[in-house]
Amino acid sequence: MDQIIVAIRSRHVLLHFGSEHRDSSDKKHRDKDKERLKLKDGSSDKQKDKHKEKKKEERVGRVLCFSHIGTILSELSPLADSSSFDLFGDMVQINNVLVLALCGAILVACVGMLVYILPSLCFFMPFRWEEERYTDGVKWKFLEHKGPVFAPPYDPLPSNVKFYYDGKHMKLSSTAEEVATFFAKMLDHEYTTKEVFRKNFYKDWRKEMTSEEKSKITDLNKCDFSEMSEYFKAQSEARKAMTKEDKQKIKEENERILQEYGFCIMDNHKERIANFRIEPPGLFRGRGDHPKMGMLKRRIRSEDIIVNCSKDSKHPKPPPGTKWKEVRHDNKVTWLVSWTENIQGSIKYIMLNPSSRIKGEKDWQKYETARRLKKCVERIRAQYRDDWKSKEMRIRQRAVALYFIDKLALRAGNEKEEGETADTVGCCSLRVEHLTLHQEMGGQEYVVEFDFLGKDSIRYYNKVPVEKRVFKNLQLFMEDKEPEDDLFDRLNTSILNKHLQELMDGLTAKVFRTYNASITLQQQLNEITNSEDNVPAKILSYNRANRAVAILCNHQRAPPKTFEKSMQNLQTKIDAKKEQLADAKRELKSAKADAKVRRDEKSKKAVESKKKAVQRIEEQLMKLEVQATDREENKQIALGTSKLNYLDPRISIAWCKKFGIQIEKIYNKTQREKFAWAIDMAGKDFQF
DNA sequence: TGCGGCACTTAGTACACGGTGA
DNA sequence: TCACCGTGTACTAAGTGCCGCA
């Protein structure tokens with residue numbers, strides 16, 4: 001924890017440094033920017049069109065784009081399974097046109113599809129994220145899917161697994177028993193020791209009891225779920241100990257379900273669905289001090305489900321004897337299935353995978369908006385600095401909040417319903433109690449100390465030196481207020497976003513986070529990558545740049561349970577390697593001495609081979625040490641979130657191309673699928 | 001302007017799975 | 001072959017932001 005606090009504390013240093021560098025980096029790329037700026041503000045579509053044209057030209061020259069054939073094939077054929085995606089994904093890396101064409105042809109024949117149209121499709125069909133977009137909010141013209149997969153029905157406990165109340169065996173009704181098993185499954189978790197969790201669970205459990213059970217069970221503390229808990233643990237062990245064949249059978253069944261329900265057809269493309277399984281019933285696990293933790297998440301039935309598909313598609317069938325709540329044909333939304341959950345009354349959705357056209361396109365758009373912000377961020381900064389002096393309180397508050405959002409990458413901070421969720425805040429919802437002002441601290445003037453719980457109840461702790469005007473404004477905002485009062489009482493996210501919208505089309509508070517994350521990565525990579533380094537050292541640099549962003553965005557994780565042990569293991573390996581190196585060096589020394597005496601070819605060769613051995617061991621040692629540094633620095637920082645949601649993937653891809661690093665070293669298979677649009681698009685010279 | 005509903009993105013955690021080394 | 005461990009994935013909670021209505 002100390003480490004993360006140090007890291008977070010140092011964040012402002014990083015940011016401050018970042019903003020200085022931002023300016024110099026801008027200079028570096030001014031020529032490129034000038035070119036971009038020639039396009040009038042908000043002209044990203046024109047840019048995209050230009051890019052499209054260029055891409056189309058390239059494509060005709062490229063003869064065939066095999067990744068695309070793979071997609072087309074799998075999409076054209078409902079018989080083609082997901083492995084065909086993999087096959088073609090891998091093929092992209094093999095530059096053997098003939099082999100690929102042959103494979104393509106065989107597959108085409110196998111699936112019995114329209115062979116004669118393929119060549120023209122491959123030559124002229126644009127990539128999926130470059131296809132024409134619909135207007136007026138239309139998201140698709142055709143959508144067909146098989147509906148959701150429901151949670152399996154409750155399987156009652158065997159008669160030898162008993163529940164005890166006040167030390168006596170008690171047979172529960174099936175409904176009450178099911179809810180009891182939810183609690184039993186969580187018995188080892190800290191949740192079940194929490195007062196609120198227990199209270200909510202007990203209250204909801206009673207609703208499921210028969211009147212007889214209700215009259216008997218009056219105290220949760222007298223309930224003994226231990227036999228149930230042991231039973232589930234044993235089941236889990238049994239699953240792990242299953243034979244290979246049994247495991248294989250389960251795998252095959254899961255694969256069959258995936259093939260049947262895991263894909264849909266959207267506008268001639270076969271797309272992977274993200275979460276086609278309905279959430280099973282259980283106990284609600286809110287994060288932080290959630291007032292509703294432990295409440296019963298009820299089982300979702302067909303009658304709760306709204307299905308969305310196109311009129312002219314084959315509609316999904318509900319399980320026999322049941323019916324859907326509604327079948328809708330709304331092509332202005334992207335979801336396939338929705339239902340309302342009973343805890344918060346919010347709507348849950350089944351949507352497409354991040355690799356889908358619809359998600360990829362949105363992702364691309366998000367980064368293009370952030371890049372547009374880059375062009376006008378200095379103007380916006382100048383304006384909010386000016387607004388710190390405004391005569392109007394609401395404008396001053398807006399300007400200070402925007403400064404925090406820009407400088408510290410804080411979230412917007414929508415208002416929340418009190419008592420419905422954990423008490424967490426973002427920028428606009430900060431309260432007086434979340435800030436402490438220090439006129440002077442640690443040799444720095446005007447320091448603001450932030451301490452609050454953000455999204456997911458993750459603590460944000462930071463001490464930031466701010467400009468005098470900001471400091472004075474904060475003093476003014478806090479004057480005559482109670483700790484629990486809003487810091488920005490004349491501001492909310494909708495006011496702020498309305499203002500941002502006036503400054504730049506499509507600008508919201510969220511865009512600043514994307515912009516600052518991506519620009520930080522770009523700057524850090526430019527700065528710390530050494531072209532002379534070997535691959536592991538370059539990857540360490542990349543991870544460090546990624547880490548800088550994760551710290552900026554306050555992406556924390558619980559240290560892995562096995563962290564200390566795994567570090568110890570790694571250290572043991574390092575020690576062993578060091579010993580091995582010392583041995584190898586000794587052997588080299590003696591071989592050299594031997595060669596000096598003998599002066600023959602054989603002993604010279606021996607020296608060479610010992611030299612090589614030393615070199616190899618040194619490299620291995622360096623690799624291990626780099627791994628240890630990386631792991632230690634990553635202990636409480638989650639890199640994944642920023643990588644997936646905030647960093648323009650084109651920056652990373654360009655970096656890989658520029659420094660000869662395989663993209664596989666940076667992005668795993670799923671990430672490469674998600675960022676397929678960027679892999680196609682970014683050349684080695686791309687700059688955010 | 002405020003509010004609630006809705007759609008969608010962002011987030012951390014648990015656990016299954018598969019690679020690796022003894 | 002087996003145990004261990006790290007990585008990838010599934011899951012689902014918790015945010016943001018827009019829209020329509022009063």
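In what follows, every heavy atom counts, from backbone to side chain, and hydrogens, waters and symmetry copies are set aside. Naming: A, B, ... by sequence-line order, numbering from 1 per chain.
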Applying salt bridge (charged side-chain N to carboxylate O under 4.0 Å, His left out) to A/D456 and not counting sequence neighbours gives A/R287

Can you check the A/F512 CZ to C/dT16 C1' distance for me, whole Å? 15 Å

Do A/Y542 and A/C656 have side-chain heavy atoms sitting under 4.5 Å apart? no

Just to verify, what does A/K233 make a salt bridge (charged side-chain N to carboxylate O under 4.0 Å, His left out) with, not counting sequence neighbours? A/D188, A/E230

Side-chain donor-acceptor pairs of residues 234-242 of chain A under 3.5 Å, sequence neighbours excluded:
from	atom 1	to	atom 2	distance (Å)
A/Q235	NE2	A/Y231	OH	3.0

Separation of B/dA14 atom P from A/K185 atom NZ, nearest Å, is 17 Å

Pick out the pairs of N or O atoms, protein on one side and nucleotides 6-13 of chain C on the other, that lie under 3.5 Å.
from	atom 1	to	atom 2	distance (Å)
C/dG6	OP1	A/S566	OG	3.1
C/dG6	OP1	A/R631	NH1	3.0
C/dT9	OP1	A/T670	OG1	3.1
C/dT9	OP2	A/T670	OG1	2.1
C/dA13	OP1	A/K297	NZ	3.1
C/dA13	OP2	A/K348	NZ	2.5

Results of salt bridge (charged side-chain N to carboxylate O under 4.0 Å, His left out) for A/E579 - residues two or more places apart only: none

For A/Y667 and A/S652, which I'm curious about, is there any donor-acceptor pair between the side chains at under 3.5 Å? yes

Checking side-chain polar atoms at under 3.5 Å, does A/D289 have a donor or acceptor matched by the opposite partner on A/S457? no

A/H555 NE2 to C/dA14 C1', straight-line distance once rounded to whole Å: 13 Å

Is the ring centre of A/F201 less than 6.0 Å from the ring centre of A/F183? yes

Along DNA chain B (nearest heavy atom to each residue), the more 5'-positioned of A/R411 and A/H189: A/R411

OP1 or OP2 of C/dA14 less than 4.0 angstrom from a side-chain nitrogen or oxygen of A/K416, does that happen here? no

Could you check whether A/K251 pairs with A/E255 (Lys NZ or Arg NE/NH1/NH2 to Asp/Glu carboxylate O, under 4.0 Å)? no

Take atom CD1 of A/I637 and atom P of B/dG12, then tell me their distance rounded to the nearest Å. 12 Å

Under 4.0 Å from OP1 or OP2 of B/dT9: is there any side-chain N or O of A/N645 that close? no

Write out a two-atom table: protein N or O, nucleotide N or O from nucleotides 18-22 of chain C, distance below 3.5 Å.
none

So, A/R256 and A/E260, do they make that salt bridge, N to O below 4.0 Å? yes

Side-chain ion pair, A/R398 and A/E392, N-O less than 4.0 Å: no

Which whole-number value in Å describes the distance from A/K366 NZ to C/dT16 P? 15 Å

Would you classify A/A509 as touching base, sugar-phosphate or nothing, given that sugar-phosphate means primed atoms plus P, OP1 and OP2, and contacts are heavy atoms under 4.0 Å? sugar-phosphate

Under 4.0 Å between any heavy atoms, over every strand shown, what does A/R239 touch: base, sugar-phosphate, or nothing? Just pick one. nothing

Any residue in residues 228-238 of chain A with a heavy atom nearer than 4.0 angstrom to DNA chain B? Just list them by number, or reply none. none

Proximity of A/F276 and A/H145 rings by center, below 6.0 Å: no

All N/O pairs under 3.5 Å across the protein-nucleotides 1-8 of chain B interface:
from	atom 1	to	atom 2	distance (Å)
B/dA7	OP2	A/Y349	OH	2.8
B/dC8	OP1	A/K139	NZ	3.2
B/dC8	OP1	A/T334	N	3.3
B/dC8	OP2	A/T334	N	3.0
B/dC8	OP2	A/T334	OG1	2.9

Pair listing, side-chain hydrogen bond (donor to acceptor under 3.5 Å, both in side chains) test, anchored in residues 331-343 of chain A, at least two apart: A/E341-A/S346

Under 4.0 angstrom, heavy atoms only, what part of the nucleic acid is A/G640 near: base, sugar-phosphate, or nothing? nothing

Does the side chain of A/K510 get closer than 4.0 angstrom to OP1 or OP2 of B/dT10 through an N or O atom? yes

What protein N or O atoms touch nucleotides 17-20 of chain B N or O atoms at under 3.5 angstrom, if any, and at what distances?
from	atom 1	to	atom 2	distance (Å)
B/dG18	OP1	A/K251	NZ	3.1

What is the nucleic acid contact for A/T424, judged by heavy atoms within less than 4.0 Å: base, sugar-phosphate only, or nothing? sugar-phosphate

Could you check whether A/R299 pairs with A/E178 (Lys NZ or Arg NE/NH1/NH2 to Asp/Glu carboxylate O, under 4.0 Å)? yes

Got a sec, which residues hit salt bridge (charged side-chain N to carboxylate O under 4.0 Å, His left out) with A/K643, two or more places apart in sequence or on another chain? none

Rounded to the nearest Å, what distance is computed from the CD atom of residue A/Q556 to the P atom of nucleotide B/dA11? 12 Å

Integer-rounded Å distance: B/dG12 C1' and A/L639 CG: 14 Å

Length of the line joining A/K240:NZ and C/dC5:C1', which is rounded to integer Å: 13 Å

Test of understanding: with ring-ring contact (aromatic ring centres under 6.0 Å, His included), list the residues that count as partners of A/Y403, not counting sequence neighbours. A/W388

Salt bridge between A/K416 and A/E420, side-chain N to carboxylate O under 4.0 Å? no

